[in-house]
Participant: 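I have a structure here, written as structure tokens, and I will follow up with some questions on it.
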2 protein chains.
Amino acid sequence: MSFTHSVTADPEVDQEATALIDALVRTSFVTTAIISKIAADHDLSLTQLRVLAILEDRRVKMTDLADYLGLDKSTISGLIDRAQKRGLVERAPNPLDGRGVDVFLTKTGADLAQVGRVVIASALSPMTGVLHRAESERLTTLLERMLDGR
Amino acid sequence: MSFTHSVTADPEVDQEATALIDALVRTSFVTTAIISKIAADHDLSLTQLRVLAILEDRRVKMTDLADYLGLDKSTISGLIDRAQKRGLVERAPNPLDGRGVDVFLTKTGADLAQVGRVVIASALSPMTGVLHRAESERLTTLLERMLDGR
DNA sequence: TATTGTTATACTCTATAACTATA
DNA sequence: TATAGTTATAGAGTATAACAATA
């Protein structure tokens with residue numbers, strides 16, 4: 001199979017596949033840009049904001065965080081160092097594994113996570129608000145089917 | 001208006017809005033992760049790959065690149081420095097403005113851009129391929145309406 | 001005066017490699 | 001031996017500020 005030529009015999013199928021991919025990539029860049037902007041407004045990187053979002057409803061080990069974010073554990077150490085220095089998170093020994101270190105939000109971190117979540121929803125609403133209720137539901141369903149089916 | 005409370009009186013509308021935002025954010029992170037992985041496989045950052053994609057069908061000024069990517073012009077200087085050192089792009093004086101600098105792909109850069117585009121489509125297909133033809137078309141339409149309507 | 005681009009600087013993000021401590 | 005985490009190191013990405021050249 002070649003990467004530089006069509007994988008199907010039907011040019012119309014290819015055309016629709018390309019259109020979906022373009023829309024998906026555009027959506028991702030626009031959404032990411034909006035979220036990054038909000039993070040920057042609060043002196044956070046996109047990654048730091050994601051850490052807050054992950055920790056908003058759970059206490060996890062450093063390794064779990066690395067898995068969630070797809071980053072190396074050494075990267076997580078630095079990330080958490082900086083967040084901790086800012087008073088957003090705390091470390092504590094994991095009670096079940098003497099090697100493990102748990103991370104969780106401070107009150108300040110939890111507040112910031114909540115603000116972030118609400119502001120993101122608000123910042124995305126000019127985009128999501130374009131759709132009517134039924135369209136919004138259809139879009140949600142399609143995206144969830146695509147994400148969960150892969 | 002408060003940011004920490006619902007902006008509507010109808011809790012069902014809020015619930016659907018939240019579901020759409022969650023799906024949108026999840027889609028964006030998954031898509032971005034897939035593209036970043038492909039970039040890394042070719043020793044490129046996500047930003048470098050985006051530069052190649054932008055330049056694939058146009059020659060632009062440094063400032064245009066900054067606008068497209070939403071980055072500072074000084075960031076672009078560094079980005080293009082590194083891409084140029086790798087033989088992916090070239091600089092040339094802009095013929096219409098003595099201050100301007102044009103950027104464009106070399107043959108190597110154009111080849112890499114094309115490979116990137118095809119590999120991305122292939123890497124996203126396990127996700128996009130979950131949907132049937134009609135669903136795929138509906139999703140594309142909804143995303144385009146949302147992006148262009150904002 | 002305003003715009004275009006570069007450079008110097010500083011900080012964050014990221015991975016690799018080497019290390020310690022625990023399992 | 002394998003896993004969890006940290007540290008040192010190096011390079012990329014990013015913005016701010018100061019600058020030179022051109023408009």
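Each chain gets a letter, A, B and so on, in the order its sequence line appears, and its residues count up from 1.
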Participant: What residues form a side-chain contact (heavy atoms from CB on, under 4.5 Å) with B:D72, not counting sequence neighbours?
Facilitator: B:S74, B:T75

Participant: Hey, are A:E90 and A:T106 close enough side-chain-wise for a donor-acceptor pair under 3.5 Å?
Facilitator: no

Participant: Tell me whether the NZ or CZ atom of A:R50 lies within the 45° cone about the ring axis of A:Y68 and under 6.0 Å from its centre.
Facilitator: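 A:R50 over A:Y68 ring: no.
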
Participant: Output every pair passing salt bridge (Lys or Arg N to Asp or Glu O under 4.0 Å) with a member in residues 19-35 of chain B, not counting sequence neighbours, ordered by first then second residue.
Facilitator: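 For residues 19-35 of chain B, and leaving out neighbouring residues, the salt bridge (Lys or Arg N to Asp or Glu O under 4.0 Å) pairs sorted by first residue read A:D148-B:R26.
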
Participant: In whole angstrom, give the distance that lies between atom CD1 of B:I76 and atom P of C:dT7.
Facilitator: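 Value for this atom pair: 15 Å.
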
Participant: What is the distance from CG of A:L65 to P of C:dC13, rounded to the nearest Å?
Facilitator: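 Taking atom P of C:dC13 as the reference, CG of A:L65 is at 13 Å.
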
Participant: Going by salt bridge (Lys or Arg N to Asp or Glu O under 4.0 Å), name the pairs with one or both residues in residues 29-44 of chain B, residues two or more places apart or in two chains.
Facilitator: B:K37-B:D41

Participant: Classify the nucleic acid contact of B:S45 as base, sugar-phosphate or nothing, counting any heavy atom under 4.0 Å across all strands shown.
Facilitator: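 Sugar-phosphate: the residue B:S45, judged by heavy atoms under 4.0 Å, touches backbone atoms but no base.
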
Participant: Salt bridge check, B:D81 against B:R91: does any charged N sit closer than 4.0 Å to a carboxylate O?
Facilitator: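 Salt bridge: yes.
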
Participant: Please write out each protein N/O paired with an N/O of nucleotides 14-21 of chain C under 3.5 Å, distance rounded to 0.1 Å.
Facilitator:
from, atom 1, to, atom 2, distance (Å)
C:dT14, OP2, A:T47, OG1, 3.3
C:dA15, OP2, A:D72, N, 2.8
C:dA15, OP2, A:T75, OG1, 2.9
C:dA15, N7, A:S74, OG, 3.4
C:dA15, N7, A:T75, OG1, 3.4
C:dT16, O4, A:S74, OG, 2.7

Participant: Are B:E56 and B:R117 ion-paired here, with the side-chain N under 4.0 Å from a carboxylate O?
Facilitator: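 Counted as a salt bridge, because a side-chain N and a carboxylate O are separated by less than 4.0 Å.
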
Participant: Using atom CD1 of A:I80 as one end and atom P of C:dC13 as the other, report the distance to the nearest whole Å.
Facilitator: 11 Å

Participant: Under a criterion of less than 4.0 angstrom to any heavy atom of chain B, what are the 5'-terminal and 3'-terminal contacting nucleotides of DNA chain D?
Facilitator: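 Both ends considered, the range comes out as D:dA12 to D:dA23.
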
Participant: Need to verify one output field. Residue with the more 5' nearest nucleotide on DNA chain C, A:L46 or B:S77?
Facilitator: B:S77

Participant: My understanding is that only residues two or more places apart in sequence, or in another chain, count here; which of them pass side chain to side chain donor-acceptor pair (under 3.5 Å) with A:K85?
Facilitator: none

Participant: What is the nucleic acid contact for A:N94, judged by heavy atoms within less than 4.0 Å: base, sugar-phosphate only, or nothing?
Facilitator: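 No contact at all - A:N94 keeps every heavy atom at 4.0 Å or more from the nucleic acid.
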
